[in-house]
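Some notes on the structure that comes next.
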Amino acid sequence: MSLRTSIQRRVTSVLTSAKTRDLRRRTLEGARKIGGSPHRVHYFHQVDDPYSHLASQLLEPLVERYDIELHTHLVGPPPDSAAPEREKLVAWSRVDAERVAEGRGGLSFQDPGNQPSPDLVARATRILASTSSSRAFAALAPRVGEAMWDDDIEALGGMARDQSGAPNNVADAIGRGDALRAKCHHYLGAIFHYAGENYWGVDRLSHLERRLIHLGASRQVSAPLLAPRYDVSDERIDAGRLGLTLEVFVSLRSPYSYISMPRAFDLATRAGIAMKLRPVLPMVMRGLPVPASKRMYITLDTKREADAVGMPFGRICDPVGKPVERGFSLYPFAVSKGRAGDYLLSFCRAVFAEGIDAGTDEGLRHIVEAAGLSWNDAARNRDIDGWRPELEANREDMMAMGLWGVPSFRLSGAGASDFCVWGQDRIWMVEDEIRRRVDTAPS
């Protein structure tokens, strides 16, 4: 193992360790108490972002439930470096947000099939920029968002007249929000920031809630979380007769792919449906940038999500480049032995949890044997490029689905249209869709 690899593994181990996190939290909490400061939560709102609209619906309940001082900020869209497929991201956000609202209950969003007009966005932004306080923003933002997404100019006009204060300079307000968001090391809308950590939208709000409860900041300790973490169940589903197939799009450099695979594999087994693996090259090896702030957030976010599902994570040896290529050179061999899923999971566990250099023969041997395969047989298939056409075909299919990142999932069969989702935190949607198809299928 090279010195650089050894240092990288050590640094990521420290960054993602529970000891480091707890020490950082204790230090910041101590400073807060010494200074007599409240629990300050910053929220960053992008007006035309569906996820921000969902998050805004929990702002008032959050302030009522927890002893926090809420600070709201308007922000613009993420920079190009953090949104390499912006048109796909914008379109998918609407579809996904509607599903989140339907699945969670208590939230509302309906995809109108297009973004609100620039005039509507400008009107909505001016209204929110004119609010007198963050508490007023929390009360008004859901109403403004609903009117904007419903194309209700009259409702927006009424809310604009209700704002007694002179409008702030919108560009300045967004500029300040963008600058603070960058200082907080993030890039998206719907972000909650508290004491050095970021939480994206309703999907990660449970992590913030649990942290506030631990600090004694909850006014209703025994009450259920406002936004509990959603995941798959452990129940069997009698879907075998439907002829369904679950396609799983993953990458060997994606930590989210790593923590999604066991649950996706288990879902297919529990439901009695076929599973088809569709590996693709990592984004950066496909020419899509991943800025430092995004990489850091993904790493820390994966750690807490991995903890939630009981998976080891943090001793990282980044496999980008040659290690990924060497790993995929053995993928056809693993497929031929019926161990494709075991092999991909073994590779990801090695590079994301065990700090193993997959670019070395020693590292590859560990991965192969941990997957239940023979190294002597596998070694004869090293560094052969025959895998590239299959991965390119998988990428093209994924892009045709309107998606560009992993893990992504497609459920097909039973004479119904394909159901596609993106994200390790969306596997529960696949399970819900399987159940829906079972319930609606003829006896």
Side-chain angles (χ1 to χ4, degrees), residues 16 96 99-100 103-104 200-207 210 225 227-240 242 244-280 298-314 316 334 339-354 370-372 394 398 401 403 405-413 418-438:
T16 59
D96 187 49
R99 290 176 178 171
V100 171
R104 281 185 170 271
W200 176 70
V202 299
D203 294 284
R204 299 297 186 272
L205 193 55
S206 64
H207 294 297
R210 293 188 188 281
L225 298 181
R229 185 179 182 277
Y230 271 41
D231 209 342
V232 291
S233 72
D234 58 0
E235 301 172 358
R236 297 194 66 82
I237 310 170
D238 185 17
L242 300 184
L244 297 173
T245 297
L246 176 60
E247 298 175 67
V248 181
F249 295 79
V250 293
S251 159
L252 291 181
R253 199 205 177 209
S254 163
Y256 289 137
S257 289
Y258 161 54
I259 65 172
S260 76
M261 281 192 275
R263 284 172 289 152
F265 298 170
D266 177 67
L267 174 59
T269 300
R270 283 190 294 108
I273 65 177
M275 187 186 72
K276 183 177 182 180
L277 284 167
R278 306 293 302 273
V280 299
I298 289 173
T299 298
L300 296 178
D301 182 58
T302 301
K303 172 59 178 175
R304 62 192 175 200
E305 288 288 285
D307 287 348
V309 297
M311 291 189 68
F313 177 82
I316 300 172
R339 311 286 294 189
D342 298 303
Y343 175 72
L344 293 181
L345 182 56
S346 177
F347 186 102
C348 288
R349 183 171 53 245
V351 300
F352 291 122
E354 299 170 342
N394 292 342
M398 183 176 67
M401 291 159 50
L403 301 175
V406 293
S408 291
F409 309 92
R410 175 163 61 188
L411 184 69
S412 59
D418 292 349
F419 180 82
C420 305
V421 299
W422 171 32
Q424 65 85 23
D425 50 5
R426 295 293 184 264
I427 306 176
W428 63 270
M429 289 186 180
V430 180
E431 181 173 17
D432 283 358
E433 178 65 12
I434 294 173
R435 293 184 187 280
R436 187 193 68 78
R437 296 193 184 194
V438 169

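Listed by chain and number, the residues in a side chain to side chain contact (heavy atoms under 4.5 Å, CB included) with A353 are Y258, P312, R349 (sequence neighbours excluded). Every side chain to side chain contact (heavy atoms under 4.5 Å, CB included) that T302 has, sequence neighbours left out, goes to P255, Y256, I259, I298, F313. Scored by the side chain to side chain donor-acceptor pair (under 3.5 Å) test, S257 finds S254 as partners (sequence neighbours excluded). Under the salt bridge (charged side-chain N to carboxylate O under 4.0 Å, His left out) criterion, R426 pairs with D96, D203, sequence neighbours left out. When the side chain to side chain donor-acceptor pair (under 3.5 Å) test is applied to R204, the partners found at least two apart in sequence or on another chain are D301, D425. Shown here are the ring pair (Phe, Tyr, Trp, His ring centres under 6.0 Å) partners of Y230, two or more places apart in sequence or in another chain: W428. Take A227 and apply the side chain to side chain contact (heavy atoms under 4.5 Å, CB included) test, not counting sequence neighbours, and it matches L58, R104, L205, E209. Take S206 and apply the side chain to side chain donor-acceptor pair (under 3.5 Å) test, not counting sequence neighbours, and it matches no residue. A search for side chain to side chain donor-acceptor pair (under 3.5 Å) contacts involving R270 returns D266, E431, not counting sequence neighbours.
Contact annotation: the side chain of R278 never approaches that of M398 to less than 4.5 Å [non-hydrogen atoms, C-beta and beyond]. Looking at M429 and L411, their side chains never come closer than 4.5 Å, going by heavy atoms from C-beta outward.
The backbone N or O of G413 sits less than 3.5 Å from a side-chain atom of R437, completing a donor-acceptor pair. Counting only distance, with no hydrogens or angles, the side chain of N394 and the backbone of V280 share no donor-acceptor pair below 3.5 Å.
Evaluation of the salt bridge (charged side-chain N to carboxylate O under 4.0 Å, His left out) test over residues 255-265, restricted to residues two or more places apart or in two chains, returns D231-R263.
The pair E433-R99 fails the salt-bridge criterion, with no side-chain N (NZ, NE, NH1 or NH2) lying under 4.0 Å from an Asp/Glu carboxylate O. Looking at R436 and D432, no side-chain N of the basic residue comes within less than 4.0 Å of a carboxylate O on the acidic one, giving no salt bridge.
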